[in-house]
Amino acid sequence: MRIPLIAGNWKMNGSLALIEDFGNAFSRTSFLSSAIDIAVIPPFPYLANADEAFEGTPVQIGAQTLYGEASGAFTGAVSASMLKEFGVHYVLVGHSERRTLFKEDDAAILAQARAAIDEGIVPILCVGETLEERDENRFDDVVLGQLDAVMNGLSEEQRRQLVVAYEPVWAIGTGRTATPEQAQEVHASLRARLRHYDENLADNMRLLYGGSMKPANAQELLSQADIDGGLIGGASLKPDDFIAICHAAG
Ligand code: PEP
């Protein structure tokens, strides 16, 4: 039984006022907390405020990235233990914007996943193909390669802590969503690949879809057999939209 997870990635957006708006909206909303997990992933400076504002609601906080080392001379970087001190429950690793804009490679992403797991933080590993890779029918190879690059570097125990988000790069922030069939096809491939590692792991690992998910398309995407939740960008910045997506998952 996989509990759906809806996670809102604010990227470099938001403000103290928006945290407060979300805190108020969440406290007015009745969620069946055991039926669904919910996370808001604001920029680093807002983590403490978010943790406080969401207290008493089932919403947990996540971070958008971390560095794969424990401490040291890494100006600008943030470690897993620091995130832990701020009540962070999830952390994104391998988001396509980090892969492209910040040149994070598979080795860096693996180090981040390990560092998070060592601190008891759940890494949400993002995988996804570009438009060119989809047009060339290489999406399975790309996505499964990104999955294997992390899975192969983790122990059996560590693998069980992972959440995976399939985010086709061509659907992120473009308003162009993968069809439920396209998304399900890749999710099924991911789950089949997980079976090579461990049957039980494949049955239990949550696979999220991300890429222009919004209230209007959430239900259909989330009803697919291998889609266990969503990673939401743009629509996670509006309390009503984000809460509507949470209800579609619950
Ligand atoms: C994301 O960046 O993870 C994302 C899914 O963005 P959007 O929902 O805006 O496409």
Side-chain angles (χ1 to χ4, degrees), residues 2 4-7 9 92-114 117 122-156 158-214 217-233 249:
R2 300 185 293 268
L5 167 63
I6 298 294
N9 172 18
L92 301 180
V93 299
H95 190 282
S96 63
E97 287 151 19
R98 300 292 312 179
R99 290 181 193 263
T100 314
L101 301 172
F102 298 91
K103 312 284 177 249
E104 290 179 355
D105 60 12
D106 284 337
I109 293 162
L110 171 60
Q112 292 169 356
R114 279 198 186 126
I117 292 167
V122 176
I124 301 178
L125 168 67
C126 304
V127 297
E129 81 285 0
T130 61
L131 188 57
E132 193 184 347
E133 289 160 344
R134 171 152 287 263
D135 287 345
E136 291 168 358
N137 241 359
R138 291 195 288 127
F139 53 94
D140 252 13
D141 287 350
V142 171
V143 163
L144 298 179
Q146 290 170 340
L147 176 72
D148 286 340
V150 170
M151 291 290 284
N152 284 327
L154 298 179
S155 68
E156 269 177 45
Q158 287 173 323
R159 286 174 188 152
R160 280 192 219 114
Q161 312 310 315
L162 208 60
V163 170
V164 172
Y166 168 55
E167 298 208 301
V169 178
W170 47 272
I172 295 180
T174 57
R176 186 178 159 190
T177 317
T179 64
E181 295 72 27
Q182 284 173 323
Q184 167 57 27
E185 184 189 6
V186 179
H187 280 240
S189 291
L190 284 165
R191 197 157 329 263
R193 177 58 61 103
L194 292 172
R195 292 201 187 285
H196 293 298
Y197 292 92
D198 176 345
E199 282 285 333
N200 202 266
L201 175 83
D203 287 335
N204 289 310
M205 191 181 285
R206 291 185 289 188
L207 305 181
L208 316 183
Y209 168 78
S212 300
M213 192 186 275
K214 44 188 178 269
N217 59 26
Q219 187 104 50
E220 223 190 334
L221 286 159
L222 294 169
S223 65
Q224 300 301 308
D226 289 296
I227 301 186
D228 309 312
L231 181 55
I232 328 294

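The OH atom of Y209 lies 8.0 Å from the CD1 atom of I227; values are rounded to the nearest 0.5 Å. For the atom pair CE of M205 and CZ of R191, the computed distance is 9.0 Å after rounding to the nearest 0.5 Å. T130 OG1 to D135 CG: the interatomic distance, rounded to the nearest 0.5 Å, is 8.5 Å. E136 contributes atom CD, which lies 10.0 Å from atom CG of L131 (distance to the nearest 0.5 angstrom). In this structure, CZ on R160 lies 6.5 Å from CG on D198, to the nearest 0.5 angstrom. Here CG of L147 is found 7.5 Å from CZ of R193. Values are rounded to the nearest 0.5 Å.
Using modelled atom types, one finds a donor on one side chain and an acceptor on the other under 3.5 Å when comparing E129 with W170. If you check the side chains of Q146 and D106, you find no donor sitting under 3.5 Å from an acceptor.
Checking side-chain atoms of D228 against main-chain N and O of L207 turns up a donor-acceptor pair under 3.5 Å. Listed for the R159 side chain is a donor-acceptor partner under 3.5 Å among the backbone atoms of M151. Remark: side-chain polar atoms of R114 are paired, donor with acceptor, to backbone N or O of G153 under 3.5 angstrom.
Within 6.0 Å of the CD atom in E220, the count of heavy atoms belonging to other residues, nucleotides or ligands does not exceed 12. The number of heavy atoms from other shown groups lying within 6.0 Å of CD (E181) is above 12.
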Run the side chain to side chain contact (heavy atoms under 4.5 Å, CB included) check on Y166 and L231 step by step: do they pass?
CA-CA 9 Å; Y166 168 55; L231 181 55; over 6 Å; no
Before you tell me yes or no, could you show the steps for L92 and Q112 under side chain to side chain contact (heavy atoms under 4.5 Å, CB included), namely the whole-Å CA-CA distance, both residues' side-chain angles and the distance that decides it to 0.1 Å?
CA-CA 9 Å; L92 301 180; Q112 292 169 356; over 6 Å; no
Report the C-alpha separation of V150 and V93 in whole Å, then their side-chain angles, then the decisive distance to 0.1 Å, and conclude whether the side chain to side chain contact (heavy atoms under 4.5 Å, CB included) test is met.
CA-CA 10 Å; V150 170; V93 299; 6.0 Å; no
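Within the 4.5 Å cutoff, side-chain heavy atoms of L110 are placed close to those of L154.
A salt bridge links D203 and R195; the closest N-O separation between the charged side-chain nitrogens and carboxylate oxygens is under 4.0 Å.
Here the closest heavy-atom approach between residue L208 and residue H187 is recorded as O-CE1, 3.2 Å.
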